[in-house]
Amino acid sequence: MTDLDLSTGGEVSGADLAGRDLRDALADAPARPRAFIGCDLREADLSGAHLIDAVFTDCRLDGARLDGAALDGSRWSGGGAPGAGFAGAECAEAAFDRVDLANTGWAGAVITDTVFTGCRLTGAALTGTRGLGYAFVRCNLMLARLKGVNLRGQELHGLRLDDADLTKADLRATVWHDSRLRGAVLTGADLDGADLRGADLGQVRLSDAVALRGATVSPEQAGMLLGSLGIQVVPPGG
């Protein structure tokens with residue numbers, strides 16, 4: 001595979017591009033949108049690459065650099081990019097479906113209207129991303145760093161946020177379904193109007209309990225919350 005082949009765009013299938021510096025080859029807009037299928041891009045440098053409307057299908061990008069890349073409208077399906085860097089990347093209206101994005105870094109990335117579906121985002125650093133309208137659906141976000149994340153008004157399905165950092169997150173009017181918040185840090189988060197009846201809250205820290213002000217919980221959750229705060233609930237006549 002030559003740099004000239006990559007620069008023209010079109011489909012690239014099964015290419016071994018691991019460790020390659022692809023910045024020059026992908027710097028300009030191609031004649032045809034780029035499509036990578038089953039390619040090995042581990043540890044490759046795609047910083048600043050022009051990948052608008054590009055397609056990545058079952059590719060490996062472990063540890064790849066995509067800092068500052070133009071990824072608007074890109075489509076990712078299967079494969080993974082654990083440990084990859086997306087700092088400052090433009091990812092508006094991108095879609096990630098069943099992609100392993102564990103321990104990825106997104107500082108300064110634009111993720112307006114980006115959708116992550118069925119993705120593994122454990123340990124991902126999403127603090128400092130920019131934009132609105134992004135969504136996570138059936139994603140594993142355990143230990144993810146999500147300070148200041150804005151999910152206001154969304155229906156949240158199948159999220160696993162165990163031990164995630166949701167400090168100062170805007171979670172107002174969210175409705176939770178089949179999700180977990182066990183051990184999540186909620187310091188300064190706003191959950192006013194949130195419906196948490198479909199979330200497993202686990203043991204809530206005393207310092208985080210105030211964040212639940214204005215949220216709706218089930219009677220069972222209320223009992224567990226009081227218990228985690230050392231308050232014993234005794235039924236009438238008990």
Side-chain angles (χ1 to χ4, degrees), residues 17-18 36-44 46 51 54-67 69 71 73-131 133-151 154-167 169 171 174 176-186 198-202:
L17 300 167
F36 298 89
I37 301 173
C39 294
D40 186 351
L41 290 150
R42 288 175 292 181
E43 304 293 338
L46 295 86
L51 295 165
V55 175
F56 293 86
T57 304
D58 295 327
C59 293
R60 300 302 315 181
L61 291 98
D62 310 41
R65 294 186 59 188
L66 294 113
D67 305 313
L71 292 164
S74 59
R75 297 290 181 266
W76 304 64
S77 179
F86 290 85
E90 300 280 342
C91 302
E93 299 183 358
F96 295 84
D97 185 14
R98 297 172 290 107
V99 184
D100 184 353
L101 296 166
N103 300 309
T104 44
W106 300 80
V110 177
I111 57 172
T112 299
D113 295 327
T114 297
V115 180
F116 300 88
T117 304
C119 292
R120 180 172 177 254
L121 285 151
T122 53
L126 290 147
T127 298
T129 53
R130 296 176 288 150
Y134 47 84
F136 303 94
V137 183
R138 299 187 303 279
C139 290
N140 185 344
L141 288 148
M142 292 179 64
L143 296 166
R145 284 163 279 172
L146 295 154
K147 288 183 179 179
V149 69
N150 188 340
L151 300 175
Q154 292 190 29
E155 297 254 351
L156 304 175
H157 294 267
L159 298 188
R160 187 164 185 175
L161 286 154
D162 304 61
D163 301 308
D165 187 351
L166 291 162
T167 300
L171 303 172
T174 48
W176 297 70
H177 305 275
D178 191 28
S179 296
R180 292 170 58 104
L181 281 162
R182 285 180 166 267
V185 178
L186 298 170
D200 182 350
L201 303 177

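Not measured: the values here are computed from a predicted model.
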- Return yes if some donor-acceptor pair links the side-chain N/O of S179 with the main-chain N/O of H177 below 3.5 Å, else return no. yes

- Note on the structure: For residues 78-98, the salt bridge (charged side-chain N to carboxylate O under 4.0 Å, His left out) pairs (sequence neighbours left out) are none

- Note on the structure: When rounded to the nearest 0.5 Å, the distance separating CG of N103 from CG of D62 is 11.0 Å

- From CG (L71) to CG (L46), nearest 0.5 Å: 8.5 Å

- Side-chain contact test, heavy atoms from C-beta onward, threshold under 4.5 Å: evaluate it for L151 versus L146 and give yes or no. no

- For the residue pair L126 and F136, establish whether any side-chain heavy-atom pair is separated by less than 4.5 Å. yes

- Query: Any side-chain heavy atom of L181 within less than 4.5 Å of one from W176?
  - Reply: yes

- Task: Measure the shortest side-chain to side-chain distance between T122 and L143 over non-hydrogen atoms and say whether it is less than 4.5 angstrom.
- Result: no

- Heavy-atom side-chain proximity of R130 to C91 below 4.5 angstrom: no

- Here the salt bridge (charged side-chain N to carboxylate O under 4.0 Å, His left out) pairs for residues 110-124, sequence neighbours left out, are D100-R120

- Item | Reported CG-to-CZ distance for the pair L201 and R180, which is rounded to 0.5 angstrom | 11.0 Å

- By side chain to side chain contact (heavy atoms under 4.5 Å, CB included) - contacts of T112 (at least two apart): A92, V110

- Message: List the residues meeting side-chain hydrogen bond (donor to acceptor under 3.5 Å, both in side chains) with D200, not counting sequence neighbours, and say none if there are none.
- Response: R182

- Query: Taking C-beta and beyond as the side chain, do T127 and D165 meet within less than 4.5 Å on heavy atoms?
  - Reply: no

- Across all chains, not counting sequence neighbours, the side-chain hydrogen bond (donor to acceptor under 3.5 Å, both in side chains) partners of R42 are D40

- Item | Main-chain N/O of M142 paired to D162 side chain as donor or acceptor, under 3.5 Å | no

- Kindly say whether G63 contributes a backbone atom to a donor-acceptor pair with the side chain of R65 at under 3.5 angstrom? no

- Task: Output all residues satisfying ring pair (Phe, Tyr, Trp, His ring centres under 6.0 Å) with W106, sequence neighbours left out; order by chain, then residue number.
- Result: F86, F96, F116

- Roughly how far, to the nearest 0.5 Å, is the CG atom of L17 from the CG atom of L41? 5.0 Å

- Message: Just verifying a value: how many Å separate I37 CD1 and F56 CZ, rounded to the nearest 0.5 Å?
- Response: 11.5 Å

